[in-house]
Student: 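Have a look at this one before I ask anything.
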Amino acid sequence: MPRKPMLDIERMRSAEEALRREARRLLADGVVSVFLGHEEGWDGLAVPSFATSPEDAEKLVWNPLVAPHLAKYLLDRLAGDEKVGIVVNGCGSLALERILKDRRFPRERLYIVGIPCTGILDPARVADLPPERRREVLETGRAEAGLFLDRCSWCDVPNAVVSDILVGEPVAEEPTVHEYPRAARLEAMSLEERFEHFKDLYERCIRCFACRNVCPACSCRECCLDQWEPLWLGRATSVPEQQMFHFIRAFDVAGRCIRCGECERVCPMGLPLMDFNDKLLKDIAELFGVERPHVPTDVEPLGRFDPQDPDFEEGAE
Amino acid sequence: MKRVGVFLCWCGSNIAGTVDVGRVAEKVRLLPGVVYVEENKYTCSEPGQASIMKAIKEHDLERVVVASCSPRLHEPTFRRTLEAAGMNPYHLEMANIREHCSWVHTDREEATAKAFDIVRMAVAKALRNEALQPGRISIEKKALVLGGGIAGIQAALDIADAGHQVILVEREPTIGGRMAQLDKTFPTLDCSSCILTPKMVDCAKHPNITLYTYSELEKVEGYIGNFNVTIRKKARGVDEALCTGCGLCQTKCPVKVDSEFDVGVGKRKAIYTPFPQAVPNKPVIDKENCRYHKTGKCRICERVCEAKAIRFDQEDTIIEEKVGAIVVATGFDLFDLETYGEYGYGLYPDVISSLQFERLINASGPTEGKIRRPSDQEVPRSVAFVLCVGSRDDQKGVSYCSRACCMYSVKHATQYREKVKDGRAFVFYMDIRTPGKAYEEFYRRSSVDYGVEYIRGRPSKIYQKGKKLVVRAEDTLLGRPVEVEVDMVVLAPAMVPKHDAAKMAQTLGVSYDGYGFLNEAHPKLRPVETNTAGIYLAGACQGPKDIPDTVAQAGAAAAKVAALFSQDELTTEPMVARVDEALCSGCLWCKPVCPYKAIEAKTITERVAGRTVTREVASVNVGLCQGCGACTVACRDGAMNLAGFTNDQVLAEVDDLLADLRPACGV
Amino acid sequence: MQPRKSGGFENMAESASRPEEARPAETRPAEEPGAGWEPVIVGFLCNWCSYAGADSAGTARMVHPPNVRVIRVPCSGRVNPRFILRAFQRGADGVLVSGCHPGDCHYSTGNYYARRRLVLLKRYLEYLGIDPRRFRTHWVSASEGQKFADIVREMTAEIKALGPGPKAKLGELV
Amino acid sequence: MGEGGKGMAPGPVPRTTKLVEASGLDGWLRAVAREARVWAPVKVDGRPPLFREFGAGEEDRLDLEAVRTVNSPKGALLPQTEPLMTYAMTKDAESGRPSLDLERAAPGGPVVVFGARPCDAAAFELLDKVFLTGDFVDDHYQARRAKTTVVAVACPRPDEACFCTSFGLSPGGTRGADVVLYGRSGPGVPVETVAYYAVAYTERGEAFLAAPAARAAGVADVPEDEGRCLEEVVSAFRGLGTPLGDRLGRIDVAARLDGLFDHPYWEKVSARCLSCGACTFICPTCYCFGVADCGALGKGVRYRYWDACKLPHFMLMAGGHNPRPAKSNRTRQRFMHKLNYYHHRYGEYQCVGCGRCVESCPVGLHLPLVAGEVGGLEG
């Protein structure tokens with residue numbers, strides 16, 4: 001079982017110090033032309049920050065709310081050859097690995113600052129707390145498990161899997177037996193119940209593409225969902241088109257999804273989008289014996305095969 | 001919208017008997033894009049094809065749909081028809097309303113409705129057909145032959161005689177291979193080296209053949225017509241240009257070791273040529289055993305060499321060649337006889353292998369052809385020949401039959417009886433297999449004329465008794481145990497793939513079976529091709545063979561190469577994958593799923609917002625791509641597409657079919 | 001038809017009031033279940049084995065139901081899962097994908113990749129609430145005309161029993 | 001100074017005023033739903049409420065307490081997907097000559113938008129300016145609008161994200177509303193409202209309150225002695241402030257934005273934008289749409305669908321040229337449009353301070369932020 005997520009405010013404060021120091025150095029010495037981190041935005045929310053000067057580095061924060069992953073922003077900087085600095089914790093580094101394994105950004109143009117992590121809070125859940133409780137949580141770090149990001153509940157990558165420098169003591173990694181409660185819950189339902197569950201989701205979806213745009217595995221130059229020729233997806237938001245939308249979105253990242261749940265976190269309609277990915281992760285693990293399907297590999301599970309794979313004629317079900 | 005002509009075939013009553021073709025025609029006429037519809041009794045007939053050509057011109061059709069039999073039958077026919085009418089042949093679509101409809105349905109209504117759907121889908125696809133041009137790739141008219149045994153020699157000579165350059169690569173210091181070790185060949189009993197060595201010499205002298213002996217293949221890149229091969233020429237320790245092959249070094253060399261060529265029954269020096277007629281007749285220094293290499297002292301060979309050809313410090317050289325075709329003739333190994341402990345091979349000196357026997361009866365062998373048994377150099381008064389040692393044995397050996405052992409053992413027994421008039425020859429066999437010209441007769445003669453004694457039964461044990469060896473078996477014909485005392489036992493080992501066959505196959509990118517024999521493209525129809533275009537097979541690397549079969553296959557492989565080289569350019573199937581570079585993100589997840597290694601990364605430069613950027617995209621090698629389309633599904637943004645089966649076309653087939661049967665969008 | 005009750009933002013009143021005659025009359029009833037309703041099954045068959053298998057079913061006159069509409073693809077590895085969902089979305093009552101037996105792929109490995117994808121897809125469609133019996137995947141060789149005919153017979157019967165496909169629940173595209 | 005002053009106290013004169021028990025609303029809606037399609041804030045099992053079409057028997061899901069619904073009610077007038085016409089290409093059986101039949105999609109029947117917040121009601125008037133004024137009138141919008149009754153409900157407890165007051169609107173505003181419901185207990189009181197004053201400000205509103213449906217549902221006259229109470233309640237709602245709005249004050253950046261088109265600020269502020277359409281789609285005043293066809297075999301539907309200037313492909317042209325390739329271009333476009341272009345054309349801002357973008361933008365890039373920062377920029 002995974003480590004219980006917890007907050008160590010002290011650890012974070014010193015990490016923040018080290019992070020600023022590193023960023024300042026990198027920018028001052030011209031090692032990188034921009035450093036991707038987080039800064040305090042509206043209402044104390046941690047928002048992506050793009051420091052271009054040593055002074056900017058002072059604005060960088062590392063606190064319980066640094067939920068947004070930054071790797072996807074690298075695609076905005078594909079043109080050019082300047083080096084980019086970026087800060088990642090464990091799950092953030094998975095996002096980065098995803099981009100790298102998908103060959104969407106050159107490793108040599110990166111300077112990666114890794115920060116060991118014991119847990120990050122879900123900003124939305126914190127925002128829902130009464131002001132005084134909110135303050136208490138953020139200052140003391142005393143937060144119940146329910147306040148953390150879902151991805152913290154199964155995290156087996158507390159330390160960056162890829163980095164040029166690690167600031168702070170690595171967190172002990174513990175082997176994790178991965179479970180997929182979201183999928184399991186739905187599998188327990190009847191066919192009709194599941195259909196209704198997703199139909200409701202389709203009907204509430206406004207197709208703003210936030211889920212796709214934030215997804216580190218959705219990095220195509222031009223998404224098939226935006227194409228007209230062929231028209232993979234009609235522009236209507238009817239149930240069948242919404243089903244197609246969410247099918248393509250989830251199935252195309254099958255085997256490459258890092259289970260970060262960012263899609264769900266950024267959804268303005270609060271849709272349970274990981275219900276899709278959770279199932280695909282679960283089945284890839286079960287069917288093809290991939291123990292950690294969320295960790296990017298050199299050849300994706302659907303890009304390889306084993307002659308002994310489960311066969312439908314013998315009944316894969 | 002493209003102008004589509006639809007030609008509905010009755011196929012006599014084959015289609016018209018079940019499908020109301022007239023009704024289909026009426027409905028098809030109303031489809032968007034269809035400007036001409038015609039029914040024919042037999043569309044594939046001369047008049048049928050003629051009227052297609054006529055219609056193409058009169059109604060300036062841009063696409064043609066033929067609704068008749070399976071495209072697997074007549075697609076090529078009608079493509080030619082279109083071409084003849086000056087239309088791109090790939091503007092054809094076929095609707096299979098016979099095999100998939102009229103022949104399998106009985107209800108006229110249902111069959112007619114389905115036929116209409118099938119045609120409609122074909123029209124939908126045809127509307128999105130594009131003109132396709134076969135690709136062209138250049139051919140380097142030079143062949144690489146791997147292995148200098150009889151298979152390699154034959155293939156090399158045939159290709160060279162056809163007027164093409166050949167590079168013959170042999171791992172050993174000399175060409176000749178197994179056949180050079182043999183004494184005589186069945187069923188004619190003519191001398192093996194007498195028929196082989198002239199060919200070896202021809203190889204060496206042939207103006208079109210470049211010989212690399214004591215060399216190994218390191219790397220293969222590229223594809224049919226354009227392979228880049230890297231060959232490692234191992235250091236001989238001897239300057240071949242200077243060496244006259246006088247052989248003085250060998251006589252003077254103080255080091256004696258077992259000869260691989262004589263399979264341990266004879267000796268050689270540390271500087272040696274495997275056998276007198278070696279080609280090239282230039283020695284090599286065996287560094288493991290050379291005294292100078294081991295102790296730093298000696299250099300006798302260097303001193304005696306008048307040509308000053310000895311080069312102790314010589315190093316391997318790497319040779320790179322561009323070739324258009326590769327013939328693999330890497331031969332076979334023999335089954336490890338020590339697996340059968342009960343036969344005492346390696347334990348009793350007089351239990352030997354068939355190949356060792358070949359050396360013993362070979363006039364140029366260690367005993368000058370006199371049969372003397374290893375232990376005491378006595379002439380064996382009786383010899384037992386044991387067949388299928390390893391062959392046809394699921395437990396300890398291999399399941400297959402090695403095909404040659406029966407005949408060469410019959411030959412051995414015969415030869416023995418010739419040389420030792422009063423000797424007795426026993427052959428222990430499971431079945432005697434003589435499928436070959438004059439084989440059965442030869443076998444019959446061995447028992448009738450030479451009195452070879454055949455015992456049907458696989459020996460269970462062989463053990464020493466005094467100076468004798470006792471062979472115990474069950475005579476399965478008489479159904480009783482037999483024990484035979486003999487002076488010598490000759491075991492016929494199974495023919496197995498070369499120990500490094502799998503590695504070789506991977507280097508070449510060809511497939512191989514569970515044993516390690518290389519796979520032919522088709523067991524019946526493409527026996528000398530591999531699944532990798534431009535790579536062919538000859539001899540025992542593909543499976544156990546005797547010499548005649550090997551030579552035949554080598555000739556066949558050579559013929560394939562010659563046929564390939566008879567063209568200046570190779571035309572390739574146009575229905576292959578292609579990349580839309582504007583879309584391609586360069587993730588290259590298409591690469592691992594390609595069975596033909598046809599996808600590579602390629603760097604392109606483009607202008608983006610006023611600045612030049614370079615990025616990587618996937619690129620398809622049309623020479624390698626076979627058009628399976630696996631890559632198109634691995635490609636998420638649809639940058640990879642398959643000509644002839646584009647995403648657009650498949651979606652159109654689905655949409656147009658169902659738009660009528662299951663109207664969507666409320667229409 | 002999209003039910004009037006719609007939690008989405010699209011207004012379906014128009015589609016409700018859209019004129020019937022806009023639909024091709026003769027195919028209209030086929031959409032409704034019950035009497036005269038016939039399943040439509042879209043079959044993706046690989047050119048080298050299964051399409052040829054269907055051909056040999058024809059050559060041998062092995063009569064089977066006319067409910068499968070065949071789309072020929074070079075290899076089962078060419079079948080994009082999107083095609084399958086598209087077919088359901090546009091009203092297919094069943095989808096059949098068939099290729100060469102494992103190990104016999106004309107392209108040596110295409111069907112192995114297809115198998116991974118399709119086994120995953122099969123489970124996923126069921127997860128999304130699409131009855132798994134509506135999506136069948138098989139290995140049919142060029143010589144297995146009988147097997148192909150049997151599959152079509154079975155599948156047609158099964159789907160007849162199941163009734164109209166997902167589109168009935170999904171509703172119209174616009 | 002923004003012109004959005006119409007909704008402010010003293011405001012228009014009430015035509016009629018009625019009283020309705022909160023417990024009576026269900027019945028009222030059920031009755032209304034018989035003649036019209038009703039859109040209202042719907043809360044389903046604890047999830048944030050949506051403003052959507054009401055299903056039969058959903059009345060108990062009505063939620064007038066939530067400060068705001070996740071999405072705005074604009075879908076009632078401008079559906080996210082709206083059929084415009086059907087087309088069918090047919091060929092003459094004899095001549096084979098093709099002909100094209102077009103059929104205009106029929107507009108829907110009457111619609112009642114029930115329980116919109118005053119900001120959302122005001123937003124309808126901003127949409128009206130776009131679709132109903134000027135050289136081009138959008139007849140689909142017009143047809144629907146003509147049959148739409150807007151029943152707003154005054155906002156008792158504006159939250160941190162609310163800033164309608166920055167545009168001269170108020171939690172008790174009447175702009176764009178035919179009827180406004182005022183909680184009898186007045187604003188700010190944390191108890192559930194038990195009864196509402198229903199005040200009609202338009203003819204249609206008056207008719208709505210006089211309709212049999214209303215009477216049947218117990219919509220009654222206000223007792224004589226409650227006159228003063230009503231006055232106080234209404235003005236209390238109108239005088240109510242909004243935390244964020246008070247902080248921002250009246251937004252007045254239209255003029256200053258004239259000079260900021262090429263300001264590096266856009267580059268900077270847009271860097272974290274996800275290029276998604278969340279802000280646009282949940283916004284009550286964004287109205288951009290695209291048009292597409294759905295069909296095959298020459299038959300199909302032409303429909304329009306919401307599109308967003310924030311989405312990279314919004315401006316992509318057939319030739320492949322995209323005039324707004326960068327996030328900065330698109331971000332600038334969105335805020336310039338709301339705070340400058342629209343203002344130039346219609347004399348007010350294209351924002352009602354509903355606070356949805358504040359709540360929904362995953363990266364905290366929303367209008368009050370930009371308006372505030374622009375206020376401090378050097379031209």
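Below, chains carry the letters A, B, ... as their sequence lines are ordered, and counting in each starts from 1. In what follows, every heavy atom counts, from backbone to side chain, and hydrogens, waters and symmetry copies are set aside.
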Student: Between Ala92(C), Ser56(C), Gly110(C), who has the most heavy-atom pairs with chain B when the cutoff is under 4.5 Å?
Tutor: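 Of Ala92(C), Ser56(C), Gly110(C), Ala92(C) has the most heavy-atom pairs under 4.5 Å with chain B.
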Student: Counting heavy-atom pairs under 4.5 Å with chain B, which one of Ala87(C), Ser108(C), Ala114(C) comes out on top?
Tutor: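 With the most close heavy-atom pairs to chain B, the winner is Ala87(C).
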Student: Which atoms form the tightest heavy-atom contact between Gly627(B) and Tyr107(C), and what is the distance?
Tutor: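 Reported closest heavy-atom pair: O-OH, 3.8 Å.
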Student: Is any NZ, NE, NH1 or NH2 atom of the basic residue among Glu75(B) and Arg72(C) found under 4.0 Å from an Asp or Glu carboxylate oxygen of the other?
Tutor: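 Salt bridge between Glu75(B) and Arg72(C), a charged N being under 4.0 Å from a carboxylate O: yes.
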Student: Measure distances from Val79(C) to the heavy atoms of chain B and classify the residue's part below 4.5 Å as side chain, backbone, both or neither.
Tutor: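 Backbone only.
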Student: So among Cys75(C), Cys46(C), Cys105(C), which one has a side-chain contact (heavy atoms from CB on, under 4.5 Å) with Cys628(B)?
Tutor: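 Of the listed residues Cys75(C), Cys46(C), Cys105(C), the side-chain contact (heavy atoms from CB on, under 4.5 Å) partner of Cys628(B) is Cys75(C).
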Student: Shorter than 4.5 Å, heavy atoms on both sides: which option in Phe83(C), Trp48(C), Phe148(C) has the most such pairs with chain B?
Tutor: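 Most heavy-atom pairs within the cutoff with chain B belong to Phe83(C).
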Student: Would you mind checking which part of Asn47(C) comes under 4.5 Å of any heavy atom in chain B, side chain (CB onward), backbone (N, CA, C, O), both or neither?
Tutor: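 Backbone plus side chain of Asn47(C), per the 4.5 Å heavy-atom cut-off to chain B.
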Student: Would you sort out whether Leu642(B) and Val73(C) count as a side-chain contact (heavy atoms from CB on, under 4.5 Å), showing the intermediate values?
Tutor: CA-CA 10 Å; Leu642(B) 181 61; Val73(C) 289; over 6 Å; no
Student: Relative to chain C, which of Ile118(B), Thr106(B), Asp655(B) shows the most heavy atom pairs under 4.5 Å?
Tutor: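 Counting heavy-atom pairs under 4.5 Å, the top option is Asp655(B).
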Student: Classify the ring geometry of His100(B) against Tyr51(C): parallel below 30°, tilted from 30° to 60°, perpendicular beyond 60°.
Tutor: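 Taking Tyr51(C) first and then His100(B), their aromatic rings sit tilted (interplane angle of 30° to 60°).
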Student: Of the listed residues (Ala630(B), Cys101(B), Pro71(B), Ala113(B)), which shares the most heavy-atom pairs with chain C below a 4.5 Å separation?
Tutor: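 Looking at each option in turn, the highest pair count goes to Pro71(B).
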Student: What residue in Met575(B), Gln649(B), Glu653(B) has the most heavy-atom pairs under 4.5 Å with chain C?
Tutor: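 Most pairs with chain C among the choices: Glu653(B).
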Student: Do Ile71(C) and Val654(B) have side chains that approach each other closer than 4.5 Å (heavy atoms only, starting at C-beta)?
Tutor: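 They are in side-chain contact.
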Student: Are any non-hydrogen side-chain atoms of Pro81(C) and Val633(B) less than 4.5 angstrom apart?
Tutor: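 The answer is yes, as the side chains (C-beta and beyond) meet within the 4.5 Å cut-off.
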Student: side-chain contact (heavy atoms from CB on, under 4.5 Å) between Arg662(B) and Asp93(C): does it pass, once the steps are laid out?
Tutor: CA-CA 10 Å; Arg662(B) 297 282 188 267; Asp93(C) 305 298; 2.6 Å; yes
Student: Closer than 3.5 angstrom, by distance alone: can the side chain of His64(C) be matched with the main-chain N or O of His105(B) as a donor-acceptor pair?
Tutor: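 Such a contact is absent between His64(C) side chain and His105(B) backbone.
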Student: Does a side chain donor of either Asn647(B) or Arg78(C) reach within less than 3.5 Å of an acceptor in the other side chain?
Tutor: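 A donor-acceptor contact under 3.5 Å links the two side chains.
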Student: Of all of Asp55(C), Asn67(C), Val152(C), Thr59(C), which one pairs up most often with chain B through heavy atoms under 4.5 Å apart?
Tutor: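 The answer is Asp55(C).
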Student: What is the minimum heavy-atom distance between Asn80(C) and Thr632(B), and which atoms define it?
Tutor: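 For Asn80(C) and Thr632(B), the tightest heavy-atom pair comes out as ND2-O, 4.5 Å.
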Student: I'd like to know which of Gly77(C), Ala60(C), Pro65(C), Ser76(C) tops the heavy-atom pair count under 4.5 Å against chain B.
Tutor: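 Going by pairs under 4.5 Å, I would pick Gly77(C).
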Student: Do you know the tightest heavy-atom contact between Lys114(B) and Pro66(C)?
Tutor: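 Residues Lys114(B) and Pro66(C), closest heavy atoms: CD-O, 3.6 Å.
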Student: So what's closer than 4.5 Å to chain C heavy atoms on Arg120(B): side chain, backbone, both or neither?
Tutor: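 Interface part for Arg120(B): neither.
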Student: Of the backbone (N, CA, C, O) and the side chain (C-beta and beyond), which part of Val70(C) lies under 4.5 Å from a heavy atom of chain B, both, or neither?
Tutor: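 For Val70(C), the contact with chain B is made by backbone and side chain together.
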Student: Any chance you could measure Tyr113(C), atom OH, to Cys631(B), atom SG, to the nearest 0.5 Å?
Tutor: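 Going from the OH atom of Tyr113(C) to the SG atom of Cys631(B) covers 11.5 Å.
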Student: Is Arg82(C) in contact with chain B via its backbone, its side chain, both, or neither, using a 4.5 Å heavy-atom distance?
Tutor: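 Only the side chain of Arg82(C) comes within 4.5 Å of chain B.
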Student: Under 4.5 Å from any heavy atom of chain B, what part of Ala52(C) do you find: side chain, backbone, both or neither?
Tutor: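 Backbone plus side chain of Ala52(C), per the 4.5 Å heavy-atom cut-off to chain B.
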Student: If I take atom CG from residue Leu658(B) and atom CZ from residue Arg69(C), how far apart are they, to the nearest 0.5 angstrom?
Tutor: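 Leu658(B) CG to Arg69(C) CZ: 9.5 Å, rounded to 0.5 Å.
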